[in-house]
Amino acid sequence: MAKKVLSIQTGIWWTKVALMEYGTKHPRVLDVFTFRSPDNSVEDGYIRERESLANQLRAELSKRKISERKVIFSINSAKVVSREVMIPKVSGRQLKTLAMEQARENFPMDIASYTISYAKMGMLDGDPKQQMKLLLLAVPDNLLSNYVQFAELCGLEIETFEYMGNCAMQFIAKNFIEDSVIVQLEERSTIVSIVKDNKLVFQRVAPHGYDSTIVAAMDHPVLGLKEDQQAFEFLCANNVTRDKPKAEAFPDSVIADPEERLYALQQAYEAIKESMDYHVRIVVSALEFYQNQYKTPLRGTLHLIGDGMRIQGMIKSFDSKINIEVEKGDYLSLVKMDKRTAASGLVAGESLGLLSIMGAVIEPMNITPKELADKANKRNTTKIASGIFVVSVLASLALVGTAYLRKSKAEQTQKELKARIEELSPVQKIYDENVFYRNRYNEYASFDRMSNTQNEKLSQLIDDLERIFPTYVRIRNMSAQDGHIALTMESDMKMTIAQMLLNMRELDYVTNLSIPNISREIDEEQKRLDIEAGIYVLPGTELLDEFGNPIETETTVAEGSEGEEGETEEEKVYGYGEDPYGKWNYTLSFDLIDPVVETIAQ
């Protein structure tokens, strides 16, 4: 009989629970349900009100007559830090040792208060050194301890911990043969994973979830949304990206005048669409980084999952910006369910938010808290001591019997090595000749380098800059002197400048890259003229001619209120450059080197 386990994921608004088979190739879902988390009980993955949430969980389990006590918790918190690292191809104890060494080198904090876990991400394609890619995970010990105490209150026994970024990825990798791009939109995080040949090759976690879209809807009283669950249900039922608001659809609105109500509704819809677009921009930036970093195009199928994808228009927004086919099948049909679960009324749309708890039992990262590991070690102390005694006795007998054989073998090996040294003595002559001719070659290479001029690389530099610079980067002026290049440039956003600097790293003949000065410029005069000319209007406002027909105008985003340090509210949320009248002016400075000569010299 298959082992059973509870798979639980706690969230700010919803707690998800599944009773599943564990340790089988095709685990069955025996029961699955979701309930509202008590107010303020969970914050950034930590359970703040353990007793209230434990009482409610026990009540839900009792109501469904679930008596299983083994549990796997799926954790997700901004405090969990991940890194992708490269190590030599090893396995077993060596892999764990190298993973810990990489954790000490790559994580910026003291890992003494963290539990380190890792997952294999496959071998690096085309690498003659046969290097292996690892996903390192550092989970705060106090976060794990928080769940251990919660499990004790619930009367549950922890089987292991799983990382949310691994859960849904395992489910999709198991059920789809082709490569996949997975976008998981959760309450307060967006997880982007790329699966190639059933192996995770790239993952990024952004601390920005669909809660911002819910807040955007609740921030407009005209919609009459006072509770977060009410706002979520409204967004799941109404496609604000496609449909225009109608004043008569909100008869109980706080705004009585129909025209004023319609204007307020247009503003609300526009704010919601902006919030949804920001989710898309986060994902597109991560995918562009992957393509630039690994020089490989996106391929396979796009999987859009998580509760955030249940919002009307959200999937369409991602589909229009990411140029691969979206998986439109019913994920629920891939789940092996118990008859009782299948009859419970679980609908296809809900499965988008439940894949993470269903995938947690497939191949978890097995994050083990230190306190649980210590208890297990103490239980095994007696067994280990007995085993060591037996092994010691057997080893002593074996050593006594094989000592003479080892001595004889060592003497024979010594003779063979001496003969081999004599045989390879001519190699020294070849080596000396190689050193002589290599020194002569370096002399000629140095002469060739002094005869070159940096102007020969100017055409190549211009071609390379045109190839790697992002779309919204403009070069206003260029000066070159003795291999030093200075470009006067402008860009729309700091994110664009950051992407440009990352792309410049692939030019092996560029060094001393810097931005000595940067400033932001807003064309206030042009904005004033556009306002007077009627070109600059508030979002959602429609200008009509004398016959009542719409006038097509270029619209811009209305100015936000000023915040700290001179930033507007929109600039805080979306970054500089979103204002169509604003731009970043800066100077990009670098020197050119000769990579061929440098390589020979080394």
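Residue indices begin at 1 and follow the sequence shown.
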**E325 atom CD, neighbour heavy-atom count above 12 within 6.0 Å** = no
**Request:** Sequence neighbours left out, what passes side chain to side chain donor-acceptor pair (under 3.5 Å) with E159? Give chain and number order.
**Result:** K3
**Item:** Results of side chain to side chain donor-acceptor pair (under 3.5 Å) for T10 - residues two or more places apart only
**Value:** Y147
**Prompt:** Roughly how far apart are F150 CZ and S145 OG, rounded to 0.5 Å?
**Reply:** 14.0 Å
**Asked** Under 4.5 Å between any side-chain heavy atoms of F318 and V326, yes or no?
**Response** no
**Request:** Report the C-alpha distance between V205 and M164 in whole Å, list the side-chain angles of each, state the deciding distance to 0.1 Å, and finish with yes or no for side chain to side chain contact (heavy atoms under 4.5 Å, CB included).
**Result:** CA-CA 10 Å; V205 181; M164 184 184 289; over 6 Å; no
**Message:** Within this structure, what is the CD1-CD1 distance for the pair I182 and I191, rounded to the nearest 0.5 Å?
**Reply:** 10.0 Å
**Request:** Starting from the C-alpha separation in whole Å, work towards a yes-or-no answer on side-chain hydrogen bond (donor to acceptor under 3.5 Å, both in side chains) for Q203 and S193.
**Result:** CA-CA 4 Å; Q203 187 172 88; S193 305; 3.0 Å; yes
**Request:** Looking only at non-hydrogen atoms, find the nearest pair between E162 and P364 and report the distance.
**Result:** OE2-CA, 3.1 Å
**Asked** Any side-chain heavy-atom pair from F33 and I66 closer than 4.5 angstrom?
**Response** yes
**Asked** If you look at every heavy atom in Y290 and V201, which pair is closest and at what distance?
**Response** OH-CG2, 4.1 Å
**Asked** Looking just at side-chain N and O atoms, do E288 and N292 make a donor-acceptor pair shorter than 3.5 Å?
**Response** no
**Prompt:** What do the steps show when you test N503 against Q499 for side-chain hydrogen bond (donor to acceptor under 3.5 Å, both in side chains), and what is the final call?
**Reply:** CA-CA 6 Å; N503 294 350; Q499 184 64 60; 3.0 Å; yes
**Prompt:** Are there more than 12 heavy atoms of other residues, nucleotides or ligands under 6.0 Å from atom CZ of R48?
**Reply:** yes
**Message:** Give me the atom names and distance for the closest heavy-atom approach of M109 to A138.
**Reply:** CE-CB, 3.6 Å
**Asked** Considering only heavy atoms from C-beta outward, does the side chain of I322 approach that of I324 to under 4.5 Å?
**Response** yes
**Asked** For S356 and Q9, does a side-chain donor sit closer than 3.5 Å to a side-chain acceptor?
**Response** yes
**Asked** Which residue pairs pass the side-chain hydrogen bond (donor to acceptor under 3.5 Å, both in side chains) test when at least one of the two sits in residues 105-116, sequence neighbours left out?
**Response** Q102-N106, T115-D141
**Item:** Sidechain-backbone polar pair: R299 side chain, K196 backbone, donor-acceptor under 3.5 Å
**Value:** no
**Item:** Side-chain (E21) to main-chain (R28) donor-acceptor, under 3.5 angstrom
**Value:** yes
Sequence neighbours left out, cut at 3.5 Å: what donor-acceptor pairs do the side chains of residues 69-77 make with other protein atoms?
from, atom 1, to, atom 2, distance (Å)
R69, NE, G155, O, 3.4
K70, NZ, E157, OE2, 2.8
N76, ND2, S189, OG, 2.8
S77, OG, D44, O, 2.8
S77, OG, D44, OD1, 3.3
S77, OG, K79, N, 3.1

**Prompt:** Do I367 and L137 have side chains that get closer than 4.5 Å, going by heavy atoms?
**Reply:** yes
**Message:** I'd like to check the ring-ring contact (aromatic ring centres under 6.0 Å, His included) partners of Y46; sequence neighbours left out, ordered by chain and number.
**Reply:** none
**Asked** Between atom CZ of R204 and atom OG of S82, what is the distance when rounded to the nearest 0.5 Å?
**Response** 7.5 Å
**Message:** Tell me if a side-chain donor or acceptor on Q184 pairs with a main-chain N or O of A168 at a distance below 3.5 Å.
**Reply:** no
**Asked** Any sub-3.5 Å donor-acceptor pair from E187's side-chain atoms to G11's backbone N or O?
**Response** no
**Prompt:** Between Q412 and S408, is a side-chain hydrogen bond (donor to acceptor under 3.5 Å, both in side chains) present by the stated rule, with each step listed?
**Reply:** CA-CA 6 Å; Q412 181 63 29; S408 300; over 6 Å; no
**Request:** Check I282 against A206 and note the closest heavy-atom contact, atom names and distance.
**Result:** CG2-CB, 3.6 Å
**Request:** Using the side chain to side chain contact (heavy atoms under 4.5 Å, CB included) rule, take M504 and F469 through it: C-alpha gap first, then chi angles, then the decisive distance, then the call.
**Result:** CA-CA 8 Å; M504 286 288 289; F469 273 10; 3.7 Å; yes
**Asked** Can you tell if the side chain of V510 reaches within under 4.5 Å of the side chain of D464, non-hydrogen atoms only?
**Response** no
**Request:** Measure from the side-chain N and O atoms of S7 to the backbone N and O of A360, and report whether any donor-acceptor pair falls under 3.5 Å.
**Result:** no
**Message:** Has D179 got a side-chain atom pairing as donor or acceptor with D197's backbone, closer than 3.5 angstrom?
**Reply:** yes
**Request:** Sequence neighbours left out, what passes side chain to side chain donor-acceptor pair (under 3.5 Å) with E68? Give chain and number order.
**Result:** none
**Item:** Distance-minimising heavy-atom pair for V29 and V32
**Value:** CG1-CB, 4.1 Å
**Prompt:** Going from CD on Q149 to CD on E51, what distance comes out if it is rounded to the nearest 0.5 angstrom?
**Reply:** 12.5 Å
**Message:** Check this for me: N323, atom CG, are more than 12 non-hydrogen atoms of other residues, nucleotides or ligands nearer than 6.0 Å?
**Reply:** no
**Prompt:** Has the side chain of T190 got a donor or acceptor atom that lies under 3.5 Å from a matching backbone atom of H208?
**Reply:** yes
**Request:** Mind running side chain to side chain contact (heavy atoms under 4.5 Å, CB included) on L61 and L19 for me, showing each step along the way?
**Result:** CA-CA 10 Å; L61 294 175; L19 177 62; over 6 Å; no
**pair L507-L465: side-chain heavy atoms closer than 4.5 Å** = yes
**Prompt:** Are any side-chain N or O atoms of T413 and backbone N or O atoms of K409, one a donor and one an acceptor, separated by less than 3.5 Å?
**Reply:** yes
**Asked** Would one find more than 12 heavy atoms of other residues, nucleotides or ligands at under 6.0 Å from atom CD of Q94?
**Response** no
**Request:** Please check if any side-chain donor atom of T97 sits under 3.5 Å from a side-chain acceptor atom of E101, or the reverse.
**Result:** no
**Request:** Examine distances only and state if a side-chain atom of N146 and a backbone atom of N142 form a donor-acceptor pair shorter than 3.5 Å.
**Result:** no
**Asked** Can you tell me how far NZ of K89 sits from CG of L98, rounded to the nearest 0.5 angstrom?
**Response** 14.5 Å
**Asked** Shortest non-hydrogen contact from S285 to M495?
**Response** OG-SD, 3.3 Å
**Separation between CG of N512 and CG of L592, rounded to the nearest 0.5 Å** = 10.5 Å
**Message:** Please check: side-chain N/O of N166 versus main-chain N/O of E363, any donor-acceptor pairing under 3.5 Å?
**Reply:** yes
**Asked** Would you find more than 12 non-hydrogen atoms of other residues, nucleotides or ligands less than 6.0 Å from R467 atom CZ?
**Response** yes
**Asked** Are K295 and E506 close enough that some pair of their side-chain heavy atoms sits under 4.5 Å apart?
**Response** yes
**Item:** Validation row: F202, Q293 side chains within 4.5 angstrom (heavy atoms)
**Value:** no
**Request:** Report the C-alpha separation of L53 and L153 in whole Å, then their side-chain angles, then the decisive distance to 0.1 Å, and conclude whether the side chain to side chain contact (heavy atoms under 4.5 Å, CB included) test is met.
**Result:** CA-CA 10 Å; L53 183 58; L153 281 176; over 6 Å; no
